[in-house]
Engineer: 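Structure in structure tokens, see below.
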Amino acid sequence: MSGCPHIDLINPDTFKGGHPREMYRYLRNEAPVYWHEPVGDHPGYWVISRQEELDYVSKNPKLFSSHERSCMLHEPATDDDLAMLRLLMINMDPPQHLKYRRLIRNAFTPAKVESYRGRFEQIARDIVSRAVEGGRCEFVEDVAMELPLLAICELMGVPIERRQRLFELTNIMLGMDDPDLTTSPEDGTNAMVEMFMMAMDIAAAHKEKPQEDIVNTLLEGTVEDEPLTDDEFCNFFMLLIVAGNETTRTVTSQGMRLLMEHPEQYQKLVDDPSLIGDAIEEFLRFNPAVIAFKRTAMEDVELGGQVIRKGDRVQLYYGAASADEANFKEPDTFDITRNRREDVRNEHRAFGIGQHFCLGSHLARLELEVIFTEILKHVRNPRFDGEVSWLRSNFINGIKKMPIVFDVA
């Protein structure tokens, strides 16, 4: 890319078709801490595209706060909206964040997650066996959405008959810029209220008939010797449902898309399934689900040769940092064998880094492993069977629909 390109990371259309790799590369090389001018109602902010600066911001919450204005890219419209967002753990700073994180983290340890494997494998077998009938399917709805949704709902004690509605509510809450999914901020608010009501129903059912699940962890646990309030429980419920559903669905869809665009690499997986773990790390690196999160500078600080002033917004672009030339050779090449030459698992930033490193990383990796293991048993020569429909968003790099056709093994 020669000269200074037109940079617009606010427009959701910038991310249609995947992360804007050429734009990211320009920013990393020419302006790793770049001032993005305001666009419409969206205020200006600093773009962080290189891993060194992203890690520094992520690991210094006293300098760069999630709590001040929330980590979400859309600015809260009112003080009441901001107060509600601050109840979510992702919008807390230490020490408050650590207290709430400690409450839930035991449900997501590697050993605990591994105990879910047998059940997830059973679900994956059922999903794929249905999807492969006839040699074609709508991959997002028939495959990618199913395991993450069923898994997190089982772990949260959500009744079967309410799971599809949770999927719809998640789409509405994350699809604020997509006219196919929502038409106004009020739709997002109404979806959140409905999810809160569902959470209270589940809490009431649990109190009548306790289960050994994540709901039990939340209801029986304490923060500073105090049980969670109803609002705190509902916010935990919403965060875990949305994060546990949308992001893994997105990586599953994007991983399959990338493999179909590189059929020789799909065949490598068929020939050598031991590459599945390596392929998953490359899916995460090459096309992380979350595009960016926001922080707010709490004092003047120099970063990447720029002076960031107190109160400035700072946005962390995980796809850009996961393609940093300082960490990866030929980072814009998709290669499922990369992890055998480079430490992809620890060097990409698909799950963030620092205090807000994704609690569900082990769960996501297990879900991706079991679903792709099952896909590879039955699907040969997968091809696109129509246009890919992209989520219109500058927050989640998602796919809404992806019809595919294939030979059944």
Engineer: Is any NZ, NE, NH1 or NH2 atom of the basic residue among D93 and R86 found under 4.0 Å from an Asp or Glu carboxylate oxygen of the other?
Structural biologist: no
Engineer: Ion pair present between E342 and K329, side-chain N to carboxylate O less than 4.0 angstrom?
Structural biologist: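 So E342 does not pair with K329 through a salt bridge.
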Engineer: Side chains of S66 and R295 only: does a donor on one sit below 3.5 Å from an acceptor on the other?
Structural biologist: yes
Engineer: Going from OG on S115 to CG on L366, what distance comes out if it is rounded to the nearest 0.5 angstrom?
Structural biologist: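 Spacing of OG (S115) from CG (L366) equals 9.5 Å.
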Engineer: Quick test of your reading of the model: are E146 and R249 salt-bridged, counting only N-O distances below 4.0 Å?
Structural biologist: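 Result for this pair is no, no salt bridge flagged.
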Engineer: Look only at the side chain of Q254 and the backbone of N397, and say whether a donor-acceptor pair between them is shorter than 3.5 Å.
Structural biologist: yes
Engineer: Hey, what do you get for CG (L54) to CG (L316), rounding to the nearest 0.5 Å?
Structural biologist: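 Separation between the atoms: 4.5 Å.
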Engineer: Using ring-ring contact (aromatic ring centres under 6.0 Å, His included), reason through F351 and Y318 one step at a time and then give a plain yes or no.
Structural biologist: CA-CA 8 Å; F351 295 121; Y318 300 102; over 10 Å; no
Engineer: Would you name the heavy atoms of S49 and R28 that are closest together and state the gap between them?
Structural biologist: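 Heavy atoms of S49 and R28 come nearest at O-CG, 3.2 Å.
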Engineer: Any pair with a residue in residues 260-289 that passes salt bridge (Lys or Arg N to Asp or Glu O under 4.0 Å), sequence neighbours left out, goes on the list, sorted by first then second residue, please.
Structural biologist: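 Qualifying pairs, neighbours excluded: R257-E261, D278-R340, E281-R345, E281-R365, E282-R285, E282-R338.
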Engineer: Roughly how far, to the nearest 0.5 Å, is CG of D312 from CG of L303?
Structural biologist: 11.5 Å
Engineer: For Q265 and F334, what are the C-alpha separation, side-chain angles and deciding distance, and is it a side-chain contact (heavy atoms from CB on, under 4.5 Å)?
Structural biologist: CA-CA 9 Å; Q265 299 202 45; F334 174 72; 3.7 Å; yes
Engineer: Work out which heavy atom in A107 is nearest to a heavy atom in K112; give both atom names and the distance.
Structural biologist: O-CG, 3.5 Å
Engineer: I need the minimum non-hydrogen distance between M89 and L359, along with the two atoms involved.
Structural biologist: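 Closest heavy-atom pair between M89 and L359: CE-CD1, 3.5 Å.
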Engineer: Would you check, one step at a time, whether the test salt bridge (charged side-chain N to carboxylate O under 4.0 Å, His left out) holds for R162 with D201?
Structural biologist: CA-CA 11 Å; R162 307 189 79 168; D201 289 345; 3.2 Å; yes
Engineer: Hey, are Y100 and E232 close enough side-chain-wise for a donor-acceptor pair under 3.5 Å?
Structural biologist: yes
Engineer: Are a donor atom and an acceptor atom from the side chains of D343 and N346 found within less than 3.5 Å of each other?
Structural biologist: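 Note: D343 and N346 side chains meet the donor-acceptor criterion.
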Engineer: Could you tell me whether K401 and E387 make a salt bridge, using a distance below 4.0 angstrom between a side-chain N and a carboxylate O?
Structural biologist: no
Engineer: If I compare all heavy atoms of R163 with all of E154, which pair ends up nearest, and what's the gap?
Structural biologist: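 Heavy atoms only, the tightest pair is NH2-CG, 3.7 Å.
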Engineer: Is there a donor in the side chain of T250 and an acceptor in the side chain of E246, or the other way round, less than 3.5 Å apart?
Structural biologist: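 Per modelled atom types, T250 and E246 side chains form a pair under 3.5 Å.
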Engineer: Inspect the contact between R136 and D385 and indicate whether a charged nitrogen and a carboxylate oxygen are less than 4.0 angstrom apart.
Structural biologist: yes
Engineer: Taking D335 first and then R341, would you say they form a salt bridge - that is, a charged N and a carboxylate O separated by under 4.0 Å?
Structural biologist: yes
Engineer: ring-ring contact (aromatic ring centres under 6.0 Å, His included), that's the test. Do H362 and F108 meet it? Break it down for me.
Structural biologist: CA-CA 7 Å; H362 302 301; F108 296 101; 9.4 Å; no
Engineer: Give a yes-or-no answer on whether the side chains of R125 and Q122 include a donor-acceptor pair shorter than 3.5 Å.
Structural biologist: no
Engineer: Do K294 and E68 meet the salt-bridge criterion of a basic N to acidic O distance under 4.0 Å?
Structural biologist: no
Engineer: Is there a side-chain hydrogen bond (donor to acceptor under 3.5 Å, both in side chains) between Q315 and Y317? Walk through the geometry before answering.
Structural biologist: CA-CA 6 Å; Q315 287 187 190; Y317 284 82; 3.0 Å; yes
Engineer: Under the criterion side-chain contact (heavy atoms from CB on, under 4.5 Å), I'd like the reasoning laid out for M198 against L169: C-alpha separation, chi angles, the key distance, then a yes or no.
Structural biologist: CA-CA 11 Å; M198 195 181 299; L169 295 174; 4.3 Å; yes
Engineer: Give the intermediate values and the outcome of side-chain hydrogen bond (donor to acceptor under 3.5 Å, both in side chains) for residues N91 and H67.
Structural biologist: CA-CA 5 Å; N91 294 320; H67 172 84; over 6 Å; no
Engineer: Would R130 and D142 pass as an ion pair if we require N to O under 4.0 Å?
Structural biologist: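 Answer for the salt bridge query: no.
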Engineer: Which atoms form the tightest heavy-atom contact between V33 and G304, and what is the distance?
Structural biologist: CG2-CA, 3.8 Å
Engineer: Check E369, E374, E367 against F120 for a side chain to side chain contact (heavy atoms under 4.5 Å, CB included) and give me the one that passes.
Structural biologist: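 Exactly one pass, corresponding to E367.
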Engineer: Are a donor atom and an acceptor atom from the side chains of N394 and N11 found within less than 3.5 Å of each other?
Structural biologist: no
Engineer: Give the minimum heavy-atom separation between V370 and A124, together with the two atoms involved.
Structural biologist: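 Reported closest heavy-atom pair: O-CB, 3.9 Å.
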Engineer: So does I202 get a backbone contact from the side chain of H206, meaning a donor-acceptor N/O pair under 3.5 Å?
Structural biologist: no
